[in-house]
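First up is the structure itself, then whatever we jot down about it.
Counting starts at 1 for both ligands and their atoms, in listed order.
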Amino acid sequence: MTQIISGREISDEIRSELKDQVAALKAEHGVTPGLATVLVGAEPASQMYVGMKNKAAHAMGIHSDQITLEADTSEDELLGVVEGLNSNPEIHGILVQLPLPDHIDEGKVLEAIDPLKDVDGFHPMSVGRLATGSGDFFAPCTPAGVVEMLVRSGNDPSGKHVVIVGRSNIVGKPAAALLMRKAPGGNATVTVAHSRTADLAAVTRSADILVVAMGRPEMITGDMVSEGTVVIDVGTNRVDDDTREKGYRVCGDVLFDEVKEKAAAISPVPGGVGPMTITMLLANTVKSASLRAGASV
Ligand code: NDP
């Protein structure tokens, strides 16, 4: 029978461990991990994500500050807010919700975040440390969630051929870097495919583990996957569906019902990578607070 890799269940397991760590940090070091989320504008999806992150932080005993700024906030004003959070000792993690309005240089803002508080893992120093394996770093949350799902479901990527479809800076590239690391959760042989890959199906069929992050609804079909493959679907897409009350449904980049018939294990959408992303943000915040407190991580 195909194993269903539930991001919800694995996420609950990690959140329960984190709750214990938060309690221990408070009891033994007098430190409450603090997360600040910064939202510029009122884009509904971003508002929803930020709200979910703050709610999850509260449930864990993590102090969270949600800073909401007007859509016409200037780049300088935003940089000033980030600077204030950098020097706030109660804040261990800073997340600036992306995308930012067009008039703000995203790269400049991400670079302004103190790398020691870069719990989203997008600062060039975090990216560099992940790539070189030097020093401590915060791994970007979605790829870190993918690795946790593989390891905790008993599908360790070590020695396996992992094919990643997608080469974005937030999913595909960091996933490749994490999976090829000479470290637990890594040691895979990694192939990265993208829109210019010739014969995508031949590449995906060669995978022991297939990680899909394309943003193309249900594009990976049964014939593109070999028997016994482990499939992690990062894709989160809304597609019109008149049969649903809301008029749409959420699906992944993998045609679940078809691919499930061939896969040894597969993650669903929703209930797969989605919950893991928030959990890894909380894990990074607790890690940041622990490092600052001199506690073991
Ligand atoms: P991007 O659009 O930034 O990247 C998509 C990647 O897929 C690109 O590298 C692109 O190739 C590749 N691609 C697109 N079409 C094809 C194709 N036909 N064949 C092969 N490769 C293709 O997306 P993201 O990485 O930001 O996100 C990917 C998906 O993951 C989205 O559905 C997103 O919503 C979801 N996501 C989910 C998260 C979660 O928490 N669950 C978090 C982040 C993302 P090229 O580079 O050549 O253009």
Side-chain angles (χ1 to χ4, degrees), residues 5-11 14-15 37 43-53 55-56 95-100 106-107 110 119-122 127 138-150 162-179 190-207 210-221 223-225 231-240 248-256 259 266-284:
I5 304 178
S6 165
R8 250 181 222 133
E9 280 172 23
I10 295 171
S11 184
I14 298 172
R15 287 187 195 194
T37 55
E43 210 267 309
S46 294
Q47 270 181 330
M48 186 186 76
Y49 290 136
V50 166
M52 284 163 67
K53 287 165 185 172
K55 196 170 156 214
L95 176 140
V96 177
Q97 184 66 41
L98 303 179
L100 288 169
E106 220 162 76
L110 295 180
V119 287
D120 234 359
F122 294 147
V127 176
F138 297 108
C141 302
T142 300
V146 169
V147 170
E148 283 290 332
M149 285 171 83
L150 288 170
V162 179
V163 172
I164 300 168
V165 188
R167 56 176 166 182
S168 72
N169 288 336
I170 62 166
V171 188
K173 276 188 217 158
L178 277 173
L179 287 160
V190 179
T191 299
V192 180
H194 44 76
S195 68
R196 305 289 177 91
T197 296
D199 200 352
L200 180 65
V203 177
T204 53
R205 276 196 292 265
S206 72
L210 180 61
V211 177
V212 188
M214 307 164 81
R216 298 279 181 269
E218 299 178 328
M219 196 160 166
I220 302 294
T221 46
D223 59 315
M224 297 173 78
V225 176
V231 181
I232 302 287
D233 188 356
V234 182
T236 312
N237 311 288
R238 267 188 189 194
V239 293
D240 293 341
Y248 68 86
R249 69 188 167 90
V250 174
C251 69
D253 292 345
V254 173
L255 187 54
F256 185 85
V259 172
I266 184 167
S267 70
V269 178
V273 178
M276 294 297 294
T277 298
I278 295 182
T279 298
M280 299 320 290
L281 172 74
L282 304 177
N284 278 346

inquiry  = If we ignore hydrogens and angles and just use 3.5 Å, is the side chain of Thr204 paired with the main-chain N or O of Met224 as donor and acceptor?
reply    =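 Indeed, once roles are kept as given, a pair shorter than 3.5 Å links the two residues.
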Please verify whether a non-hydrogen atom of [X] lies at under 4.0 Å from ligand 1.
X: Ala213; value: yes
X: Ile170; value: yes
X: Ala193; value: no
X: Met219; value: yes

Can you find a heavy atom in the side chain of [X] that is under 4.5 Å from one in the side chain of [Y]?
X: Val211; Y: Val162; result: yes
X: Arg249; Y: Val239; result: yes
X: Phe122; Y: Val96; result: no
X: Cys141; Y: Asn284; result: yes
X: Met276; Y: Val146; result: no
X: Lys53; Y: Leu281; result: yes

Counting only heavy atoms closer than 4.0 Å, does ligand 1 sit against the backbone of [X], its side chain, both, or neither?
X: Thr142; value: side chain
X: Arg216; value: side chain
X: Thr236; value: both

Give me the nearest non-hydrogen protein atom to [atom] as residue plus atom name, then the distance to 0.1 Å.
atom: atom 1 (P) of ligand 1; result: Ser168 CB, 4.1 Å
atom: atom 40 (O) of ligand 1; result: Thr277 OG1, 2.7 Å
atom: atom 12 (C) of ligand 1; result: Gly166 CA, 4.1 Å
atom: atom 29 (C) of ligand 1; result: Gly215 N, 3.6 Å
atom: atom 27 (O) of ligand 1; result: Val171 CG2, 4.4 Å
atom: atom 37 (C) of ligand 1; result: Val234 O, 3.2 Å

Counting only heavy atoms, tell me which of [options] gets closest to [atom].
atom: atom 46 (O) of ligand 1; options: His194, Arg167, Arg238, Lys173; answer: Arg167
atom: atom 14 (C) of ligand 1; options: Met214, Met276, Met280; answer: Met214
atom: atom 11 (O) of ligand 1; options: Cys141, Cys251, Ser195; answer: Ser195

message = For Asp199, I'd like to know if atom CG has over 12 heavy atoms of other residues, nucleotides or ligands within 6.0 Å.
response =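 Yes.
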key: Greater than 12 external heavy atoms within 6.0 Å of Glu43's CD   =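 Yes, the 6.0 Å shell around CD holds more than 12 heavy atoms from other groups.
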ask   = Short N/O distance, under 3.5 Å, between Arg196 and ligand 1?
value =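 Between Arg196 and ligand 1 (N or O atoms, distance only) the closest approach is not under 3.5 Å.
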query = For ligand 1, which atoms, with element, lie under 4.0 Å from some heavy atom of Asn237?
reply =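 Those atoms are 32 (O).
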inquiry  = How long is the straight-line distance from CE of Met219 back to CG of Asn237, given to the nearest 0.5 Å?
reply    =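 If I round to the nearest 0.5 Å, the distance is 11.5 Å.
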query = How many angstroms lie between CE in Met214 and CG in Asp253, if you round to the nearest 0.5 Å?
reply =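 Going from the CE atom of Met214 to the CG atom of Asp253 covers 6.5 Å.
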